[in-house]
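This report concerns only the one structure given below.
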Amino acid sequence: MTQIFDNPADFADEALDGFVAANRGYVARVDGGVVRSTEVPAGQVALVVGGGSGHYPAFAGLVGPGLAAGSACGNMFASPAAGQVYRVAKAANAGGGVLLSYGNYAGDVLHFGQAQLRLNAEGIETRTVLVTDDIASAPLEQIGKRRGIAGDLTVFKIAGAAAEAGLSLDDVERLAVKTNYRTRSLGVAFGGCTLPGADAPLFTVPAGQMSLGLGIHGEPGISEHPMPTASELAALLVSRLLEDKPEDAGTRVVAIVNGLGTVKYDELFLLFGKIEKLLASAGLTVVEPECGELVTSLDMSGLSLTLLWLDAELEQYWAAPADTPAFRKGNLAPRARRELTGPDEAAAEELEHTTAAAAALGRLAADLLGQVQHVIIEHEEELGNLDAIAGDGDHGIGMRRGVDAAVAAARHALEQEGGASPSRVLTAAGEAWSERAGGTSGALWGSAVIAAGLALGNRDSYSGGDAAAAVTAFVDAITELGKAELGDKTMVDALLPFRDTFLNAFDAGTSVADSLAAAAEAATAAASRTADLRPLKGRARPLAEKSLGHPDPGAVSFALIATRISTHIETSSTGAKA
């Protein structure tokens with residue numbers, strides 16, 4: 001159990017501050033995580049990794065030459081917010097593009113995905129490679145659904161070495177994808193981990209038992225087994241991984257025995273010796289192995305085995321030098337320290353010259369966010385009750401937190417002399433929405449608001465076509481990130497009819513205000529029809545029968561917002577004509 005802290009709520013931030021203080025030769029603190037404190041060659045691809053805190057050495061401990069350029073660091077076991085990922089990636093970018101890589105967890109996928117959309121929209125070419133090495137989390141034919149555990153290290157190391165060698169973003173991405181496909185891991189636990197300030201572990205393992213197939217966020221294993229001997233444990237781990245090996249596997253493998261927090265190094269070494277003999281007897285040659293704590297889970301009593309099947313290309317980059325606070329291999333020439341722009345200087349550099357038309361539209365954008373806030377406050381309890389039928393009941397609260405933060409951020413953006421464009425207003429609002437609301441809904445709404453703002457930009461004049469572009473960008477951001485489709489019983493069931501009705505009406509020559517009115521009516525009707533659907537996505541999916549007969553809360557909240565915006569614009573237009 002973690003004992004050293006002042007306030008458990010500040011544990012992750014204060015631990016990261018201390019880590020930076022102890023490793024200033026390697027890393028510098030930025031808002032959202034850390035980046036290298038040493039010079040990076042211009043044009044080099046920036047590998048940005050990350051995830052929740054509590055896994056050291058992952059993720060901040062792997063930042064340095066030959067490995068990651070930056071790490072976005074969330075709260076304990078929680079994804080970093082999209083804004084954090086974005087800021088770390090911008091600080092790490094050296095002009096060669098950004099590769100984001102992280103474990104395949106829903107929150108990380110949404111928030112890193114939102115940051116990727118924003119970075120690409122700003123002209124920073126950004127790709128993603130998910131780590132999916134845990135064989136216990138999905139069968140081989142569904143490898144894309146597997147979660148990432150200690151295989152993070154192999155993917156990060158080879159991608160980082162490729163970037164250090166000056167390879168293009170295409171090649172760094174290709175090598176990361178290949179490494180991920182050829183990596184397999186399996187973990188066991190003898191006891192759960194305890195979050196700072198908690199008085200009990202996230203799960204327990206019965207005395208004399210071992211949990212097989214655990215995650216690294218306090219998730220219990222998929223099955224329990226009698227506590228094995230070291231030889232039995234080695235045989236279990238090796239046999240399961242060899243059964244799952246990639247089709248093009250060779251005979252040379254990297255073997256990583258990873259301690260999860262409290263298993264002593266002597267025990268890990270003892271187990272590694274037995275594993276190495278089993279691999280040799282299977283005709284495999286172990287190449288430059290690792291044995292120690294690499295991807296941990298606070299104080300969890302457990303370990304994992306990872307195998308990476310090498311080819312000549314991957315072996316070259318696995319063996320390449322790296323120099324980070326927690327992972328060192330070979331020798332690299334010393335690097336000069338670089339001066340990172342402070343937050344105040346960065347803000348001054350980013351001040352825009354807002355056109356008169358953009359300033360007016362920026363004020364309207366903030367005004368519309370205020371209307372969204374009003375409608376969410378009015379329906380907060382209703383939305384929460386609806387969500388509680390087959391979910392956790394937090395939709396109303398989450399939407400309220402998100403829109404409150406968005407409105408405050410939008411108003412702050414307008415304080416700039418000369419006003420602010422819709423791009424600046426909605427980017428600030430979307431980022432605040434995502435960071436404050438959290439969860440899937442926060443990531444999706446934050447991403448969509450930012451996308452709409454970027455579509456509007458900072459122009460000398462605007463037309464109805466820009467409104468259509470903003471609607472399209474808003475919808476595309478949600479469908480690309482959330483991957484939901486019509487009929488899944490999500491916000492998308494109201495969102496797509498809204499978009500289609502708006503675009504059809506506008507293309508037929510209808511005004512923006514009237515097109516919005518028709519679209520809002522379509523969204524309201526579609527949201528009502530979700531009562532007849534069974535959820536195929538999200539937290540309500542396991543309780544599909546309870547959900548039947550009740551509309552989806554995300555679809556309902558979107559329809560309410562669309563109606564309020566439409567009414568406000570129609571009223572404003574009428575008043576302007578009068």
Side-chain angles (χ1 to χ4, degrees), residues 23 25-27 34-50 57-71 92-102 127 129 131 133 148 150-183 185 246 249-258 284-292 294-295 306-336:
N23 293 281
Y26 290 98
V27 295
V34 298
V35 296
R36 293 186 195 175
S37 59
T38 53
E39 291 289 350
V40 179
Q44 182 170 301
V45 173
L47 171 67
V48 175
V49 303
F59 297 93
L62 302 179
V63 173
L67 235 156
S71 171
N93 176 43
V98 173
L99 180 68
L100 303 175
S101 191
Y102 49 91
R127 316 269 183 86
V129 174
V131 181
D133 60 304
D152 284 345
L153 178 65
T154 64
V155 176
F156 297 170
K157 172 63 180 69
I158 287 175
E164 197 70 37
L167 271 63
S168 68
L169 181 58
D170 285 342
D171 282 332
V172 174
E173 178 189 28
R174 176 182 61 81
L175 285 164
V177 169
K178 185 203 284 194
T179 305
N180 179 63
Y181 171 68
R182 297 170 73 96
T183 300
S185 299
T251 60
R252 296 174 68 77
V253 298
V254 173
I256 300 172
V257 171
N258 172 60
L284 299 174
T285 300
V286 177
V287 179
E288 297 198 27
E290 293 289 336
C291 184
L294 297 157
V295 182
T306 297
L307 295 180
L308 163 62
W309 277 266
L310 295 166
D311 62 12
E313 185 178 38
L314 296 186
E315 186 166 341
Q316 170 191 350
Y317 292 109
W318 176 255
D323 188 21
T324 77
F327 187 91
R328 300 180 178 92
K329 184 188 285 282
N331 294 297
L332 284 167
R335 305 289 178 90

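The salt bridge (Lys or Arg N to Asp or Glu O under 4.0 Å) test applied to Arg174 returns Asp171, Glu313, not counting sequence neighbours. Residues that satisfy the side chain to side chain contact (heavy atoms under 4.5 Å, CB included) test with Ala159, not counting sequence neighbours, are Leu47, Leu99, Val172, Ala176.
The shortest non-hydrogen separation linking Pro321 to Leu332 is CB-CG, 3.6 Å. Listed here is the closest heavy atom pair of Asp133 and Ala150: OD2-N, 3.7 Å. Scanning all heavy atoms of the two residues, the minimum distance from Pro325 to Asn23 falls at CB-OD1, 3.4 Å. Nearest approach of Gly97 to Leu169, heavy atoms of both residues: CA-CD2, 4.3 Å. When all heavy atoms of Phe156 and Tyr102 are compared, the closest pair comes out as CE2-N, 4.1 Å. Nearest heavy atom pair, residue Pro41 against residue Ala94, reads O-CB, 3.7 Å.
The closest donor-acceptor contact from the side chain of Arg36 to the backbone of Gly64 lies under 3.5 Å. The backbone N or O of Gly66 sits nowhere less than 3.5 Å from a side-chain atom of Lys157 that would complete a donor-acceptor pair. Formation of a donor-acceptor pair under 3.5 Å by the Thr306 side chain with backbone atoms of Ser185 is not found in this model. Ser71 places no side-chain N or O within 3.5 Å of a backbone atom of Gly50 that could act as its donor or acceptor partner.
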Show your working on side-chain contact (heavy atoms from CB on, under 4.5 Å) between Thr154 and Trp318 and close with a plain yes or no.
-> CA-CA 8 Å; Thr154 64; Trp318 176 255; 4.2 Å; yes

Table please: side-chain donor-acceptor pairs of residues 284-291 below 3.5 Å, with sequence neighbours left out.
{"from": "Glu288", "atom 1": "OE1", "to": "Lys329", "atom 2": "NZ", "distance (Å)": "2.7"}

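Counting heavy atoms from C-beta outward, Thr324 and Val63 have side chains that stay 4.5 Å or more apart. Leu167 places a side-chain heavy atom less than 4.5 Å from the side chain of Tyr317.
For the atom pair CD1 (Ile158) and OG1 (Thr179), the distance works out to 3.5 Å, reported to the nearest 0.5 Å. To the nearest 0.5 Å, atoms CG (Leu67) and CZ (Arg328) are separated by 12.0 Å. Here the OG-CZ distance, from Ser101 to Arg127, works out to 13.5 Å after rounding to the nearest 0.5 Å. To the nearest 0.5 Å, atom CG of residue Leu310 and atom OG1 of residue Thr251 are 9.5 Å apart.
With Val155 as the fixed residue, the side chain to side chain contact (heavy atoms under 4.5 Å, CB included) test singles out one of Val131, Val49, Val177: Val131.
No salt bridge links Asp323 with Arg335; every basic N to acidic carboxylate O contact stays at or beyond 4.0 Å.
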